[in-house]
Amino acid sequence: MELKKPVNYYMRALHRDIGFFVIGLTIIYCISGILLIYKETAFLKTEKNIERHLSPGIEEQKLGIILHIKNFNVLKTEGDIVYFRNGTYNRTTGIANYSAEVLPLLLEKFNSLHKSSARNISHWFSLVYGLLLLFLALSSFWMYSPGNKLFRRGIYIAGSGLIGSAILLLL
């Protein structure tokens, strides 16, 4: 089968259509990426009281891992009650009560896309999105003919971006 139009035509069409397709997800990833920059602050977060029913008798070292609390530190233990920053754990009943700063539900869902692991089904969506972005980046080189002044300009700008990224990673 012979192509009736040059490859540039098809690459431009795919670049345009895929670009429009990923706009919504790109906006979500941009918002969640900005929020993740400030994840260690209280920006847009509210305090929420959480009660979790865990197995009784969990060791103090494992409690922070199970509750997903960073920098977990036991403050004191009185009888069956383990006290930690912003909460308690009852070793007999297995009930943990603590407070945590959380984002509104919609923003938390946005962030979960950034933090998805291979065990989560949503990782396939993130993988496809990443591959589509890679295609958009590479297909941009087919926007102009190689002899064109704008093509050379694009090469220089892309090279500057690569060098800037390398410097950022080395710092």
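The figures here come from the full heavy-atom set of this structure, side chains too, leaving out hydrogens, waters and symmetry mates. Positions are given from 1 along the sequence. This is a predicted model, so every value here is computed, not measured.
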Any side-chain to backbone donor/acceptor pair from [X] onto [Y]? Under 3.5 Å, distance only.
{"X": "K70", "Y": "G64", "value": "no"}
{"X": "N120", "Y": "H123", "value": "no"}
{"X": "R12", "Y": "M143", "value": "yes"}

If you compare all heavy atoms of [X] against all heavy atoms of [Y], which two are closest, and at what distance to 0.1 Å?
{"X": "G19", "Y": "L136", "result": "N-CD2, 3.7 Å"}
{"X": "E101", "Y": "T41", "result": "OE1-O, 4.3 Å"}
{"X": "F141", "Y": "A158", "result": "CZ-CB, 3.8 Å"}
{"X": "H114", "Y": "S32", "result": "ND1-OG, 2.6 Å"}
{"X": "H15", "Y": "S139", "result": "ND1-OG, 2.6 Å"}
{"X": "Y10", "Y": "K4", "result": "OH-N, 4.3 Å"}

Exercise. Under the side-chain contact (heavy atoms from CB on, under 4.5 Å) rule, what do R152 and Y144 come out as? Steps first, then yes or no, please.
Key: CA-CA 9 Å; R152 284 193 304 276; Y144 300 100; over 6 Å; no
Self-check item: Greater than 12 external heavy atoms within 6.0 Å of E51's CD
Solution: yes
Quiz item: For I121, does the CD1 atom have more than 12 heavy-atom neighbours from other residues, nucleotides or ligands under 6.0 Å away?
Solution: no
Rounded distance [0.5 Å steps], [atom1] in [X] versus [atom2] in [Y]:
{"X": "F21", "Y": "T26", "atom1": "CZ", "atom2": "OG1", "answer": "10.5 Å"}
{"X": "L63", "Y": "I69", "atom1": "CG", "atom2": "CD1", "answer": "7.0 Å"}
{"X": "N111", "Y": "I31", "atom1": "CG", "atom2": "CD1", "answer": "10.5 Å"}
{"X": "S122", "Y": "K115", "atom1": "OG", "atom2": "NZ", "answer": "12.0 Å"}
{"X": "L103", "Y": "L36", "atom1": "CG", "atom2": "CG", "answer": "8.5 Å"}
{"X": "L138", "Y": "S140", "atom1": "CG", "atom2": "OG", "answer": "7.0 Å"}

Quiz item: Does E60 pair with R91 as a salt bridge, N-O distance under 4.0 Å?
Solution: yes
Linking I/L/V/M/F/W/Y whenever any side-chain heavy atoms sit under 4.5 Å apart, do [X] and [Y] land together?
{"X": "I163", "Y": "I157", "result": "no"}
{"X": "V74", "Y": "Y89", "result": "yes"}
{"X": "L113", "Y": "I27", "result": "yes"}
{"X": "L133", "Y": "F20", "result": "yes"}
{"X": "L67", "Y": "Y83", "result": "no"}

Quiz item: Stepwise, does the side-chain contact (heavy atoms from CB on, under 4.5 Å) test hold for L14 with F135?
Solution: CA-CA 9 Å; L14 281 171; F135 172 80; 3.7 Å; yes
Practice problem: Verify ring pair (Phe, Tyr, Trp, His ring centres under 6.0 Å) between F43 and Y38, making sure each step is shown before the conclusion. | Solution: CA-CA 7 Å; F43 180 61; Y38 299 101; 5.8 Å; yes
Self-check item: Stepwise ring pair (Phe, Tyr, Trp, His ring centres under 6.0 Å) test for F84 and F72
Solution: CA-CA 7 Å; F84 53 91; F72 181 81; 5.0 Å; yes
Note, [X] side chain near [Y] side chain (heavy atom, < 4.5 Å):
{"X": "I81", "Y": "T77", "answer": "no"}
{"X": "V82", "Y": "T88", "answer": "no"}
{"X": "L35", "Y": "F110", "answer": "no"}
{"X": "I66", "Y": "L54", "answer": "yes"}

Exercise. Determine, stepwise, if the pair F125 / S116 fulfils side-chain contact (heavy atoms from CB on, under 4.5 Å).
Key: CA-CA 10 Å; F125 198 69; S116 67; over 6 Å; no
Quiz item: Testing K48, E47, R85 for side chain to side chain contact (heavy atoms under 4.5 Å, CB included) with S99, which one passes?
Solution: E47
Practice problem: Apply the test side-chain contact (heavy atoms from CB on, under 4.5 Å) to residues L107 and L105: give CA-CA distance (whole Å), side-chain angles for both, the deciding distance (0.1 Å), then the verdict. | Solution: CA-CA 6 Å; L107 296 178; L105 183 61; over 6 Å; no
